[in-house]
Every structure is written in structure tokens, then in C-alpha cells.
Amino acid sequence: MPELPEVETTRRGLVARVLDARIERAIVRNRALRWPVSTGLEAAIAGARIDAIERRAKYLLFACERRGHLLVHLGMSGRLWLVANDEPPAIHDHVDIVLATGFSIRLRDPRRFGAVLWLPAGAPVHPLLASLGPEPLTAAFDAPYLYRVLRGRSAAIKLVLMDSHVVAGVGNIYANEALFEARINPRTSASRLGPARCARLVEAVRTILARAIEAGGSSLRDYVAADGKLGSFQDTFNVYGRDGLPCVRCGAPVRAIWQGNRSTWYCVRCQRA
DNA sequence: ACGCCCTCCTGTTGGC
DNA sequence: TGCCAACAGGAGGGCG
């Protein structure tokens with residue numbers, strides 16, 4: 001699924017094309033996503049102007065005038081892009097936001113782990129958003145913060161880094177790549193990272209995410225940007241998916257292990273501890 | 001509160 | 001070629 005860089009790339013592509021556009025109507029072909037798409041969604045957004053498109057963690061938030069926000073999460077297999085209004089839907093094209101510009105924002109999500117929720121203005125902050133950790137590319141995510149949080153966590157650093165309550169938006173690809181960048185073993189207990197390694201990890205997460213956004217994200221299977229273009233960060237993976245290949249830094253083999261039902265890759269020499 | 005495991009769903013890939 | 005198991009970018013929920 002799209003992680004932070006893919007969602008951010010999607011956001012930027014949409015901002016360039018649909019900001020200030022008027023929503024004519026919504027078409028929901030399948031309401032059975034991660035949570036049911038509310039039956040009131042169509043009426044809630046019909047006729048509204050898209051005033052802003054924001055991102056929090058891996059959530060996209062479309063500001064619909066004073067009415068509220070349309071929240072979209074892409075799950076594991078979601079993509080959100082623009083099609084002409086008369087483009088016929090394919091299987092798994094569950095939602096269209098039909099715009100007055102002649103284009104529609106289309107959501108395709110074969111696995112249906114994604115979400116489309118309506119957040120009315122004035123409602124309390126949605127629980128999904130309320131408990132998120134800081135954005136990794138803001139000043140709130142710094143070494144003292146990370147050190148403070150990790151002290152109380154005995155689980156493996158890779159798993160903690162992927163916990164959105166610790167830091168928002170870091171998924172499997174970028175957790176692997178950031179730990180390589182910071183030369184930290186993914187199995188190391190988070191509580192064993194001192195201030196210096198926390199500082200390195202903060203910088204690594206920022207660097208990797210910024211580079212990935214520059215590259216338009218990573219396209220492995222499903223992901224495309226709002227304009228249909230593929231990302232290219234997958235071409236510069238240092239460890240992700242590189243089981244048995246030589247480390248680009250030292251030549252030692254990259255090893256694959258399992259952590260929490262997810263794949264992890266790391267260099268057996270560069271990331272010894 | 002935390003750690004660990006399971007779950008939702010479909011498509012693709014690789015081994016036999 | 002076909003069948004089947006394993007695996008895939010997420011993350012909430014239940015349990016101990």
C-alpha cells in the first residue's frame with residue numbers, strides 16, 4: 001500500500017488539478033470498504049467546492065467548504081487518480097467523485113482495506129486521527145521526542161517505527177529503508193536506542209521520506225499518482241525486497257526475516273546492532 | 001499501556 | 001496448463 005510518500009504524491013497531484021473544483025456528485029459502487037461508506041456521503045458532498053486537500057499520516061482530507069471533510073485512506077491496494085467523467089469503471093473502481101471540470105477522482109481498491117469516511121464540520125476529531133503520533137516531516141518529530149517514546153517500548157524498533165501512534169505514516173518499505181540509513185538492526189529493542197541513535201533515526205526517516213516524495217513515491221504493484229504516473233523510488237531501494245543481494249554500502253548479504261507477520265530486510269554487517 | 005497475533009480482501013507469483 | 005500456498009505498501013481489535 002501507499003505509505004506517506006505515495007499519499008503525499010497523490011495529494012500534490014490532486015491539488016494541482018482539482019483544487020477549487022466543484023463536486024457534482026459522488027458515485028459509490030461498493031460501500032463495503034474497511035468500514036461501510038455512509039449512505040449519507042453522496043448528499044453530504046454534492047455541490048461542495050474542494051477548498052483544500054490535506055494529508056495526515058496516510059489519510060487524505062478533502063475540505064468541502066464549511067460542511068466537513070472527506071477522508072480517504074488507500075489501505076494496501078488503493079489508488080486515487082483522475083479520469084474523464086465518461087471513463088467506464090473497471091472492477092474494483094468503488095468510488096468516483098465527479099467534478100464539474102469534466103474529470104472524476106476515482107478510487108480503485110481491489111483488497112478493500114481502504115476507507116472513505118465523511119467527517120462533518122463541528123464533530124469531535126475522528127478517533128482515527130486523534131491518536132496519531134507526530135508527522136515525521138515536522139519539527140514535532142525530533143530526537144528528544146523519539147528518545148522519550150522509545151524508552152518505554154521493549155518491542156523491536158522496526159515494529160515501533162511502524163506504529164502510527166509513535167510516528168505517523170511510516171510503513172514497511174520506509175521503516176526498512178530508514179533503519180538501513182541509520183545503520184540500526186531492525187530487531188533491536190526500541191528501549192535500547194540512546195539519544196545518538198534516536199537522532200540518527202529521526203534524520204534517516206526524514207531523509208528517506210523526503211527522497212521518496214521527490215521520486216514520486218514507490219510503485220510496486222498498485223500505486224500510481226493522481227496523474228497516472230508511476231513513482232520511481234523503488235529503483236533506489238537499498239534493502240527492501242533485496243533478499244540475498246549484496247549490500248550497496250558494504251557488499252555483505254542483505255537478509256530477510258519476519259517481524260510481526262511482515263517482511264524485514266537488513267544488511268547483516270551495516271546493521272549489526 | 002504494551003506486545004503479540006489475527007483479521008479483513010483480492011490479485012499475483014512461484015513451486016510442484 | 002492447472003492447482004494451491006504464500007505473500008503483498010495497513011492497522012484496528014482482542015487477548016494476555
Side-chain angles (χ1 to χ4, degrees), chain A residues 1-10 29-37 55-60 71-81 90-95 107-117 126-133 136 148-178 186-192 205 208-209 212-213 215-225 230-237 239-244 256-265:
Chain A
M1 132 48 217
E3 302 183 32
L4 187 152
E6 291 74 38
V7 177
E8 177 62 20
T9 302
T10 299
R29 302 185 187 86
N30 188 347
R31 312 195 91 91
L33 303 184
R34 172 77 198 254
W35 296 283
V37 179
R55 179 189 57 73
R56 178 76 172 99
K58 299 169 189 169
Y59 299 97
L60 282 172
L71 176 151
V72 178
H73 191 282
L74 299 177
M76 288 281 269
S77 59
R79 58 163 82 167
L80 202 59
W81 80 114
I91 187 170
H92 306 313
D93 288 349
H94 306 309
V95 178
L107 173 69
R108 175 178 301 175
D109 184 7
R111 295 180 71 181
R112 289 188 277 121
F113 291 169
V116 175
L117 300 175
H126 196 281
L128 287 172
L129 303 177
S131 58
L132 289 170
R148 190 165 66 244
V149 172
L150 296 193
R151 270 167 53 190
R153 303 292 294 258
S154 63
I157 181 59
K158 158 108 179 319
L159 299 177
V160 176
L161 200 53
M162 288 177 65
D163 182 344
S164 63
H165 307 292
V166 172
V167 58
V170 180
N172 201 25
I173 291 177
Y174 300 105
N176 276 291
E177 294 295 322
R187 286 175 301 195
T188 298
S189 167
S191 61
R192 297 196 54 195
V205 167
I208 291 294
L209 293 177
I213 292 170
S218 304
S219 291
L220 297 183
R221 277 165 291 274
D222 301 302
Y223 172 75
V224 297
L230 299 174
S232 66
F233 194 71
Q234 69 279 3
D235 299 334
T236 61
F237 286 167
V239 286
Y240 184 87
R242 292 177 54 84
D243 189 15
I257 59 170
W258 284 93
Q259 290 184 291
N261 283 332
R262 311 297 292 276
S263 295
T264 296
W265 295 269

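Hydrogens, waters and symmetry mates are skipped; everything else that's a heavy atom, side chains included, is used. Each chain gets a letter, A, B and so on, in the order the sequences are listed, and its residues count up from 1.
E177(A) contributes no side-chain N or O that, together with a main-chain N or O of F237(A), makes up a donor-acceptor pair within less than 3.5 Å. The backbone N or O of W265(A) sits less than 3.5 Å from a side-chain atom of N176(A), completing a donor-acceptor pair. Using a distance-only test at 3.5 Å, with no hydrogens or angles considered, a donor-acceptor pair links the side chain of S189(A) to the main chain of S154(A). Side-chain atoms of N172(A) come within 3.5 Å of backbone atoms of S263(A) as a donor-acceptor pair (strictly under, hydrogens ignored). Under a 3.5 Å cut-off, the side chain of Y59(A) and the backbone N or O of L71(A) do not form any donor-acceptor pair. Counting only distance, with no hydrogens or angles, the side chain of Q234(A) and the backbone of S219(A) share a donor-acceptor pair below 3.5 Å.
Atoms CG (L4(A)) and C1' (dA11(C)) sit 15 Å apart, rounded to a whole Å. Following rounding to the nearest Å, M76(A) (CE) and dC7(C) (P) show an atom-to-atom distance of 13 Å. Whole-Å rounding puts the L161(A) CG to dA11(C) C1' distance at 15 Å. Atom CG in L132(A) sits about 11 Å away from atom C1' in dA11(C), given to the nearest Å. Residue I173(A) contributes atom CD1, which lies 12 Å from atom C1' of dG10(C) at whole-angstrom precision. Atom CD of Q259(A) and atom C1' of dA8(C) are 17 Å apart (whole Å). Atom CD of E3(A) and atom P of dA8(C) are 13 Å apart (whole Å). Distance L33(A) CG to dA11(C) P: 15 Å, rounded to the nearest Å.
Side-chain contact between L220(A) and Y240(A): present, with at least one pair of heavy atoms (C-beta onward) separated by less than 4.5 Å.
Pairs of Watson-Crick or G-U wobble type, with distances under 3.5 Å, assemble into runs of 3 or more in DNA chain C at these ranges: B:2-8 with C:10-16, B:10-16 with C:2-8.
Rounding to the nearest 0.5 angstrom, the gap separating the CG atom in L107(A) from the NE2 atom in H94(A) is 6.5 Å.
Separation of the P atoms belonging to dA6(C) and dC6(B) is 14 Å when rounded to the nearest angstrom. Nucleotides dC5(B) and dC7(C), compared at atom P, are 16 Å apart to the nearest Å.
OP1 or OP2 of dA8(C) has at least one side-chain nitrogen or oxygen of S263(A) nearer than 4.0 Å. At least one side-chain nitrogen or oxygen of R112(A) sits closer than 4.0 Å to the OP1 or OP2 atom of dT10(B).
With centres under 5.5 Å and a plane angle under 30°, the ring of F113(A) is stacked against the base of dC8(B).
Using a 4.0 Å heavy-atom distance criterion, F233(A) is classed as making no nucleic acid contact.
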Got a list of protein N/O to nucleotides 3-7 of chain B N/O distances below 3.5 Å?
unit_1: dG3(B); atom_1: OP1; unit_2: S154(A); atom_2: N; d: 2.5
unit_1: dG3(B); atom_1: OP1; unit_2: S154(A); atom_2: OG; d: 3.2
unit_1: dG3(B); atom_1: OP1; unit_2: A155(A); atom_2: N; d: 3.0
unit_1: dG3(B); atom_1: OP2; unit_2: R153(A); atom_2: NE; d: 2.5
unit_1: dG3(B); atom_1: OP2; unit_2: R153(A); atom_2: NH2; d: 3.0

Taking N or O atoms only and anything under 3.5 Å, show me the protein contacts with nucleotides 11-16 of chain B, one pair per line.
unit_1: dG11(B); atom_1: OP1; unit_2: H92(A); atom_2: NE2; d: 2.6

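Aromatic pair Y174(A)/F233(A): ring centres closer than 6.0 Å.
The environment of CZ in R31(A) is crowded: more than 12 heavy-atom neighbours from other residues, nucleotides or ligands sit within 6.0 Å.
The side-chain contact (heavy atoms from CB on, under 4.5 Å) test with L4(A) singles out one residue from I213(A), T9(A), V167(A), and that residue is I213(A). Checked against M76(A) for a side-chain contact (heavy atoms from CB on, under 4.5 Å), the options R111(A), R221(A), R112(A) give a single hit: R111(A).
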